[in-house]
Asks: 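Let me give you the structure first, and then I'll get to my questions.
Note: hydrogens, waters and symmetry copies are ignored here, and every other heavy atom, side chains too, is used. Computed from a predicted model, the values in this text were never measured in an experiment.
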Amino acid sequence: LKELVESHEGMGNGPKSLLSWAKENGRGGISTLTELVDVDAGFESAMEGWLEGQLEGLLSKDPSLAVDALRELASRNEGRACIRLAGLWSARASDESPTLSQVQDLLSSAGFQFQGTLRQKVRANAKSETQLAEAALTACNRVAIVSDSAPLSAFVAGSSFQKLADLEWSLVTLDGIAVDLRSEEH
């Protein structure tokens, strides 16, 4: 994960170009999700699997910086990018809800070994700005970690899968298989 962060490997031209532009012009405040958090040992693959679709997503707390960066990207014709505004994105539902015990019971009864939540396994790294880090951490809210995917086929075929979706929780395995069941609002 650290190597992917430092090299921005796997990112498209748009996000890479924006990060370079911000650095070259002394306009910090645009970061990738992975630059803002540290992951507990043993949970790196789960985090990588969960963030797979979000590795190119950028965060900024400054709306004018985001607009300037996106305009610059368009003027260079170097691809597209998404910059989420930290203050708006941090409003996602948290793990601290009565549904956590329901989720744990639901997954355990389906044969999964519940390992905790992804949010419990990540923290803001020391270099992160507080508002950006909080927004990055919300990407990990309502994601249950299970030990392996063995029960996944039966789970998806049964009614428990829909119950998990209704609770707006998702799951990821320790080896990085992710199933995102949350609605767009969360």
Asks: In Å, rounded to the nearest 0.5 Å, how long is the span from CZ of Phe43 to SG of Cys140?
Replies: 12.5 Å
Asks: Give a yes or no answer on whether the side chain of Ser128 reaches the backbone of Leu36 with a donor-acceptor pair at less than 3.5 Å.
Replies: yes
Asks: Give me the atom names and distance for the closest heavy-atom approach of Gln131 to Lys61.
Replies: OE1-CB, 3.3 Å
Asks: Could you report the tightest heavy-atom contact between Ala46 and Val172, atom names first, then the distance?
Replies: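 Between these two residues, the closest heavy atoms are O-CG2, 3.4 Å.
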Asks: Does any non-hydrogen side-chain atom of Asn125 lie less than 4.5 Å from one of Glu35?
Replies: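 Of all side-chain heavy-atom pairs linking Asn125 with Glu35, none is under 4.5 Å.
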Asks: Of the non-hydrogen atoms in Ala144 and Trp169, which two are nearest, and what is the gap between them?
Replies: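 Between these two residues, the closest heavy atoms are N-CE3, 3.9 Å.
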Asks: With sequence neighbours excluded, what pairs up with Glu78 under the side chain to side chain contact (heavy atoms under 4.5 Å, CB included) test?
Replies: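 Side chain to side chain contact (heavy atoms under 4.5 Å, CB included) check on Glu78 returns Ser17, Leu73, Arg76.
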Asks: Begin from the C-alpha positions of Asp175 and Asp148 and carry the test side chain to side chain contact (heavy atoms under 4.5 Å, CB included) through to its verdict.
Replies: CA-CA 7 Å; Asp175 61 354; Asp148 64 67; 5.8 Å; no
Asks: Evaluate the criterion side chain to side chain contact (heavy atoms under 4.5 Å, CB included) for residue pair Glu72 and Asn25; output intermediate values, then yes/no.
Replies: CA-CA 11 Å; Glu72 178 66 22; Asn25 291 285; over 6 Å; no
Asks: Working to the nearest 0.5 Å, report the span between CZ of Arg142 and OG1 of Thr99.
Replies: 4.5 Å
Asks: Is the backbone N or O of Gly29 less than 3.5 Å from a side-chain atom of Ser60, with the two atoms forming a donor-acceptor pair by type?
Replies: yes
Asks: Check whether more than 12 heavy atoms from other residues, nucleotides or ligands sit under 6.0 Å from atom CG of Asn13, and answer yes or no.
Replies: no
Asks: Could you tell me whether the side chain of Ser108 and the main chain of Asp105 form a donor-acceptor pair under 3.5 Å?
Replies: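 No.
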Asks: To the closest 0.5 Å, what do you measure between CG (Leu171) and CD (Gln115)?
Replies: 12.5 Å
Asks: Would a 4.5 Å heavy-atom cut-off, applied to side chains only, mark Val179 and Phe161 as touching?
Replies: yes
Asks: Would you say that Leu18 contacts Leu70 through its side chain, given a criterion of any heavy-atom pair below 4.5 Å between the two side chains?
Replies: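 Of all side-chain heavy-atom pairs linking Leu70 with Leu18, at least one is under 4.5 Å.
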Asks: Honestly curious: do Val103 and Val156 fall in one hydrophobic cluster under the side-chain, below-4.5 Å linking rule?
Replies: yes
Asks: Would you name the heavy atoms of Val39 and Glu44 that are closest together and state the gap between them?
Replies: CG1-N, 4.0 Å
Asks: Quick check on Asn77: does its CG atom have over 12 non-hydrogen neighbours (other residues, nucleotides or ligands) under 6.0 Å away?
Replies: no
Asks: Side chains of Leu107 and Phe155: closer than 4.5 Å at any heavy-atom pair?
Replies: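 Result yes, sub-4.5 Å side-chain heavy-atom pair found.
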Asks: Of all heavy-atom pairs between Ser170 and Trp50, which one has the smallest distance, and what is that distance?
Replies: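 So the two residues come closest at CB-CH2, 3.6 Å.
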Asks: Give the minimum heavy-atom separation between Ile30 and Ala22, together with the two atoms involved.
Replies: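 Taking Ile30 first and Ala22 second, the nearest heavy atoms are CD1-CB, 4.4 Å.
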Asks: List the residues meeting salt bridge (charged side-chain N to carboxylate O under 4.0 Å, His left out) with Asp62, not counting sequence neighbours, and say none if there are none.
Replies: none
Asks: Out of curiosity, Leu59 CG to Leu33 CG, how far, rounded to the nearest 0.5 Å?
Replies: 5.0 Å
Asks: Just verifying a value: how many Å separate Gln102 CD and Leu164 CG, rounded to the nearest 0.5 Å?
Replies: 10.5 Å
Asks: Can you tell me how far CG of Leu167 sits from CG of Leu106, rounded to the nearest 0.5 angstrom?
Replies: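 So the gap between those two atoms works out to 7.0 Å.
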Asks: Does any part of the side chain of Met47, heavy atoms only, come nearer than 4.5 Å to the side chain of Val37, both counted from C-beta?
Replies: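 Yes, close enough: below the 4.5 Å cut-off.
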